[in-house]
Every structure is written in structure tokens, then in C-alpha cells.
2 protein chains.
Amino acid sequence: MSDDRLSRVFSALADPTRRDIVARLAAGDATVGELAEPYDVTVQAVSKHIRILEDAGLVSRSRDAQRRPCHLRAEVFDLMTKWIERYRREAEDRFRRLDAVLEQLDEPPVPGTGTGTPTEEAAS
Amino acid sequence: MSDDRLSRVFSALADPTRRDIVARLAAGDATVGELAEPYDVTVQAVSKHIRILEDAGLVSRSRDAQRRPCHLRAEVFDLMTKWIERYRREAEDRFRRLDAVLEQLDEPPVPGTGTGTPTEEAAS
DNA sequence: GCGTTACACAACCAAACGGTTGACTACACC
DNA sequence: GGTGTAGTCAACCGTTTGGTTGTGTAACGC
């Protein structure tokens, strides 16, 4: 894993336990102990997971006596959504263009329309 | 990493080289050799990366003689977008509700309105 | 002050990851 | 059939990951 922001975010969400933690934090803030309760791993392991989410910028922790309430920072999702949408759109546009070309190829060239676009050129 | 679909997709995109490959495939199909060319790693390493993208359902490979052209399957992005949007929306809704509560707290209780919501109750 | 609670830090371990080299398969071209 | 090209498979290696246990520490309740 590289240490750039996007890599950290994707990598953080690649683990189902961490995705579950994010899902639960979306419903409301929670302490480390509360978050650890449903899983049959140690609190330390969950603490590590939270640290990774924190490093990725997905979670922030505050202080309340000896408790460390965790809070979801949903803004970071934008980073992913932007990346995903960019390439999805690009790929879909390309797909549409390809479709158009295939349609062009399907239609026999109409003589005398003066488009100057013979089939061979479209296929190149 | 678990082997469920979403984990595989996030995990596949956690690597910058693989994200780059996806970005390039968004611009058009390419062979393994073409994809490997810009990086200073072996073709085998890139072949492995493509395999991981394929396992995640992000890429499909066809056959053209001894070449194996790679094609981006942008549909899988939906899986991620849905997951992300769901919890983003949940978190934002919660944030809005919290905002409303804080506004309630800011406003001094108007006597005689009959709302029956003293400040202490809202703070509990 | 003393025990308890809620966590973090450090060291360790097995498994997975990203990379390598070397050998192999599949096809095209002469 | 022999050679070159495109790519995969297999074994290996160092590093990272997700987990453990054990210890340390800050704050509360008595």
C-alpha cells in the first residue's frame, strides 16, 4: 500500500470489519469499547482498526474523561466518489462513442450525402 | 482481506498502480504489454495486478491471438458508489438532525408556546 | 491513596502482498 | 519445423497486515 490519501482511504475500507465500523458510526458516534463489543476480537485489534480509519481521515476522535468517542468524517467520501465518477464517466462516454461507430458501420453508406465519411475511415 | 465482493473491489483500488491501470483503461482497451510499458516493474508483476482487478470484477480480458486485451467493466463502480452514498447520506442526515437540536438549544424557550420542551430535556 | 475502567503502546506471529527470476504455453511468421 | 512474441504459472523473498498477549497510563469512584 502506498501512503497517498486515496490509497489509505480505499485500503481502510477494504476490510469488512472497518466498513462495519464506518456503517455503525454513520448512525452515531461511539466509544472504542462500544465499537469493539459486537466482534469477537480484542479491544486492541479494534483500536488498531480505528487508528487506520483515523489515518485515512474517515474518523476523528475526541476526549471525554477516559473515553475516546469516535466520529465519522463523511467528507472524505467525496474524494473516492470523485475518483470513481471520473473514470466511470470516461468509460461510459467511450462506450457510447463506440456504439455510435458501430451504428455507423451498420448503416450502409448513403450515396451522395456528401458527409465525406466512408466506412473505412470510421473503422480506422 | 476478506473475499467478499466489496472488499475485493476496495482492496484492488487501494494500490496506486492498479488505480492508474484502471484510469488508462477508462480511455480505451489495452494489452498487458501496453499496460506494463510505463512502469519500471516486470510484465509479470503487472499481469498479477490485472489478475487482481479481474478478480474484483473491474476488468475483463478477451483473446486476440497471443494478445490478451483488457477492458474496463465500469458497472462494478456502482457497487462502491452505492455503499459510499448510503453511509454518507446517513451521516449527513444525522448531522442535520444534530444541527436542528443545537438550534433548538440556542433559541431560548418562548414562554407560553406549549411545546413542552424545556432546555434540560433537549440536552439529555 | 486504591482499585477499576477505558484505552494506547510494544513486541511478537502467521498469513497475505508486491515484487522478483525462471520455466512454460500459445500463437504468428518465415 | 524453428524462431520470436505475448503472456501465464510457480517458486521464492522481504514487507505489510491483522491478530494476539502483556504492560503502561489517564481518569473516575470510593
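Every value quoted in this text rests on a predicted model; they were computed, and no experiment measured them.
Which of dG18(C), dT20(D), dG7(D) sits closest to the side chain of Arg61(B) comes down to dG7(D). Distance from the side chain of Gln66(A) is smallest to dA27(D) among dT20(C), dA27(D), dT8(D). Relative to the side chain of Val41(A), the nucleotides dC27(C), dT20(D), dA8(C) differ in distance, and dT20(D) lies closest. Considering only side-chain atoms of Ile52(B), the nucleotide from dC27(C), dT20(C), dG18(C) that sits closest is dG18(C). Considering only side-chain atoms of Ala65(B), the nucleotide from dT20(C), dG7(D), dC27(C) that sits closest is dC27(C).
Distance CZ (Phe10(B)) to C1' (dC17(C)): 19 Å, rounded to an integer number of Å. Taking atom CD1 of Ile50(A) as the reference point, atom P of dC7(C) lies 8 Å away to the nearest angstrom. dG18(C) atom C1' lies 8 Å from atom CZ of Arg18(B), rounded to whole Å. Distance CG (Asp15(B)) to P (dG19(C)): 6 Å, rounded to an integer number of Å. For Glu34(A) and dT5(C), the CD to P distance is 16 Å, given to the nearest whole Å. Atom-to-atom, CD of Glu37(B) to P of dA6(D) comes out at 12 Å; the value is rounded to the nearest Å. Between the P atom of dC7(C) and the NZ atom of Lys48(A) lies a distance of 17 Å, rounded to the nearest Å. To the nearest angstrom, C1' of dC28(D) lies 16 Å from CZ of Arg68(A).
By the 30° and 60° cut-offs, the orientation of the rings of Phe10(A) relative to Phe10(B) is tilted.
Between Arg63(B) and dG7(D) there is no side-chain N or O to OP1 or OP2 distance below 4.0 Å. OP1 or OP2 of dA6(D) has not a single side-chain nitrogen or oxygen of Thr31(B) nearer than 4.0 Å. For Arg67(B), no side-chain nitrogen or oxygen approaches OP1 or OP2 of dA28(C) to under 4.0 Å. Regarding contacts with the backbone of dC9(C), every side-chain N or O of Ser47(A) stays at 4.0 angstrom or more from both OP1 and OP2.
Under 3.5 Å, the side chain of Gln44(A) and the base of dG22(D) form at least one donor-acceptor pair of N or O atoms.
Hydrophobic clustering, with ILVMFWY side chains joined whenever heavy atoms are under 4.5 angstrom apart, groups Val43(B) together with Leu53(B). Neither Val59(A) nor Ile52(A) shares a network with the other; the hydrophobic side chains, linked directly or stepwise wherever heavy atoms of I, L, V, M, F, W or Y lie under 4.5 Å apart, form separate groups for each.
The CZ atom of Arg94(A) sits 8.0 Å away from the CG atom of Leu25(B) when rounded to the nearest 0.5 Å.
Between Asp4(B) and Arg19(A) a salt bridge is recorded (basic side-chain N to carboxylate O distance below 4.0 Å).
Thr17(A) comes within 4.0 angstrom of nothing in the nucleic acid, heavy atoms only.
Nearest-nucleotide mapping onto DNA chain D: of Val43(A) and Val43(B), the residue sitting toward the 5' end is Val43(B). Comparing Asp64(A) and His49(A) against DNA chain D, the residue whose closest nucleotide sits nearer the 5' end is His49(A).
Contact annotation: the side chain of Arg61(B) approaches that of Arg51(B) to within less than 4.5 Å [non-hydrogen atoms, C-beta and beyond].
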